[in-house]
There are 2 protein chains.
Amino acid sequence: MKLSFAEENYIKTIYQLTDAGKKGVSTNDISASMKLKPASVSDMLRKLGDKGVIDYRKYYGVHITEEGKKYALSTIRKQRLWEVFLVEKLRFSWDEVVDVADELEHIQSTVLIRRLDEYLGFPKFDPHGDPIPDEYGDVRVRPRVSLNEIDLNATGQIVAVKDSSAAFLRYLDKVGAYIGARIKVIEKVEFDGSIEILIDNKKTIFMSKDVAGNILIMV
Amino acid sequence: MKLSFAEENYIKTIYQLTDAGKKGVSTNDISASMKLKPASVSDMLRKLGDKGVIDYRKYYGVHITEEGKKYALSTIRKQRLWEVFLVEKLRFSWDEVVDVADELEHIQSTVLIRRLDEYLGFPKFDPHGDPIPDEYGDVRVRPRVSLNEIDLNATGQIVAVKDSSAAFLRYLDKVGAYIGARIKVIEKVEFDGSIEILIDNKKTIFMSKDVAGNILIMV
DNA sequence: ATTAGGTTTTAGCTATGGCTAAATATTTAT
DNA sequence: ATAAATATTTAGCCATAGCTAAAACCTAAT
Ligand SMILES: [Mn+2]
Ligand SMILES: [Mn+2]
Ligand SMILES: [Mn+2]
Ligand SMILES: [Mn+2]
């Protein structure tokens with residue numbers, strides 16, 4: 001079975017909004033994330049349910065099926081490989097790749113993706129630090145915690161970002177935070193949750209709770 | 001104004017079926033070339049006429065407008081740059097690129113194409129010998145004639161193919177004909193129009209009128 | 001000048017994937 | 001337990017882009 005562009009976008013979103021087991025993904029969440037009206041989402045959920053890529057119980061949110069995961073991971077693999085291509089080969093910056101990769105990920109050709117993977121040297125992570133699933137949908141997960149949850153004086157390394165919006169990524173560029181940077185938490189403000197960190201033992205930067213929450217650390 | 005995928009495919013086809021001035025491109029020709037029913041083509045021609053990319057006079061075929069040419073050349077540029085990418089970087093053979101490039105050509109991003117062009121070293125011709133229009137739609141034409149029309153004992157160089165089908169290109173691979181090969185016509189059979197040519201002063205091959213007609217030579 | 005054959009268009013249908021407005025179900029607060 | 005608020009679905013549109021069958025048109029042969 002082959003999914004349409006729209007269906008691929010939905011299943012990818014549902015997969016990414018799925019939060020370890022528990023409640024299903026809600027219509028409203030999908031609607032917000034994809035910037036579509038809830039009514040449009042409802043309609044598509046019924047179709048995706050009929051195709052067997054999600055379990056759909058009206059009014060109770062959806063759960064992705066094993067079949068559905070396969071499709072989601074295939075699209076995510078393509079998206080992330082193209083992101084690597086854009087950054088590594090075409091000199092895009094990490095905040096410019098999202099829109100283009102969101103189109104490129106729908107190109108249908110197994111051999112294209114295999115060759116692209118090979119050409120890029122079989123990268124394991126995309127420019128935002130997210131893991132690239134292999135051909136079979138296997139993802140090498142590495143434990144990571146949000147910068148918020150790190151103790152005072154603890155050290156670690158920035159391995160990914162939760163938010164890939166241009167605004168957020170450009171902010172990180174400006175303050176000098178990047179994937180791979182070694183950090184140490186040197187101040188935690190109880191009042192508003194903001195923190196101060198030392199980057200690469202060179203530079204200290206101050207950031208809000210919101211920013212810190214979107215930075216992922218490997219300790 | 002932005003054309004849809006389908007509209008881009010139509011305008012590209014119309015441009016390519018346009019034969020220096022004279023009669024308009026017929027509904028049936030477009031239908032045959034795109035493998036769509038004439039009724040569907042009629043419908044689209046009306047829409048493209050409304051958008052101003054073609055001149056459409058019912059029952060008399062269509063003429064592409066200057067505006068239309070701009071869109072066609074932009075899509076052709078993308079198609080051919082992607083074909084170069086697939087062959088040069090991803091080791092596709094020239095008979096494997098058509099389908100994938102036909103999808104890739106619709107990705108919308110000016111910066112993507114500019115960077116791709118730069119990355120490929122500003123190629124002037126695609127893997128089939130066809131010229132790549134520049135950003136402004138300018139095409140560097142080089143005079144070329146079909147191998148059929150070459151005199152006995154005349155020499156030249158293969159610069160392009162008219163037919164980009166996998167079957168034809170694989171046949172050329174098999175007999176050892178390729179873009180850039182130097183050829184000499186050493187036999188012309190009046191009866192059926194078939195010919196014998198010498199390739200690179202090394203190997204002689206025999207080919208039907210039909211095959212020769214699809215090979216383009218620069219003398 | 002008429003007619004037959006081929007070409008092209010129109011009419012009406014289907015599928016996909018959006019939308020708004022209204023109806024209905026669930027959840028939360030009283 | 002009920003009512004209000006919120007979330008979700010349904011109903012009825014619209015646009016795009018394909019199809020078949022029937023009608024209309026053009027052209028070439030008689
Ligand atoms: Mn997408
Ligand atoms: Mn990414
Ligand atoms: Mn195309
Ligand atoms: Mn080509």
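Numbers restart at 1 for each chain; the letters A, B, ... are given by sequence-line order, proteins then strands. The figures that follow rest on heavy atoms only: side chains count, while hydrogens, waters and symmetry mates do not.
- Both the sub-6.0 Å distance and the 45° axial angle are not jointly satisfied by B:K51 relative to the ring of B:Y71.
- Following rounding to the nearest Å, B:K23 (NZ) and D:dT27 (C1') show an atom-to-atom distance of 10 Å.
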_Strictly under 4.0 angstrom, non-hydrogen atoms only: write out the protein contact profile of nucleotides 15-21 of chain D, one letter per nucleotide from the 5' end, B, S or -._
--BSBBB
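- Using a cutoff of 4.0 Å between basic side-chain nitrogens and carboxylate oxygens, B:D117 and B:R80 are not scored as salt-bridged.
- Each of B:K78, B:Q108, B:Q79 was scored for a side-chain hydrogen bond (donor to acceptor under 3.5 Å, both in side chains) with B:E8, with one residue passing: B:Q108.
- Among residues two or more places apart in sequence or in another chain, the side chain to side chain contact (heavy atoms under 4.5 Å, CB included) test is passed with A:A166 by A:D95, A:R170.
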*So B:L147 and B:V185, side chain to side chain contact (heavy atoms under 4.5 Å, CB included) or not? Walk me through it.*
CA-CA 9 Å; B:L147 179 47; B:V185 180; 4.2 Å; yes
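- Rounded to an integer number of Å, the gap from CD1 of B:I54 to C1' of C:dT8 is 14 Å.
- One can place NZ of A:K2 at 16 Å from C1' of C:dA15, the figure rounded to the nearest angstrom.
- For the pair A:D130 and A:R144, the salt-bridge criterion is met [side-chain N within less than 4.0 Å of a carboxylate O].
- Within the 4.0 Å cut-off from OP1 or OP2 of D:dT9, at least one side-chain nitrogen or oxygen of A:T27 is found.
- For B:S146 (side chain) and B:L216 (main-chain N/O), no donor-acceptor pair under 3.5 Å exists by modelled atom type.
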Could you list, one pair per line, each protein nitrogen or oxygen that sits under 3.5 Å from a nitrogen or oxygen of nucleotides 22-26 of chain C, together with the distance?
residue, atom, partner, partner atom, Å
C:dA25, O4', A:Y59, OH, 3.3
C:dT26, OP1, A:Y60, OH, 3.3

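- Using bins of under 30°, 30° to 60° and over 60° for the plane-to-plane angle, the ring pair B:H106/B:F5 lands in the parallel bin.
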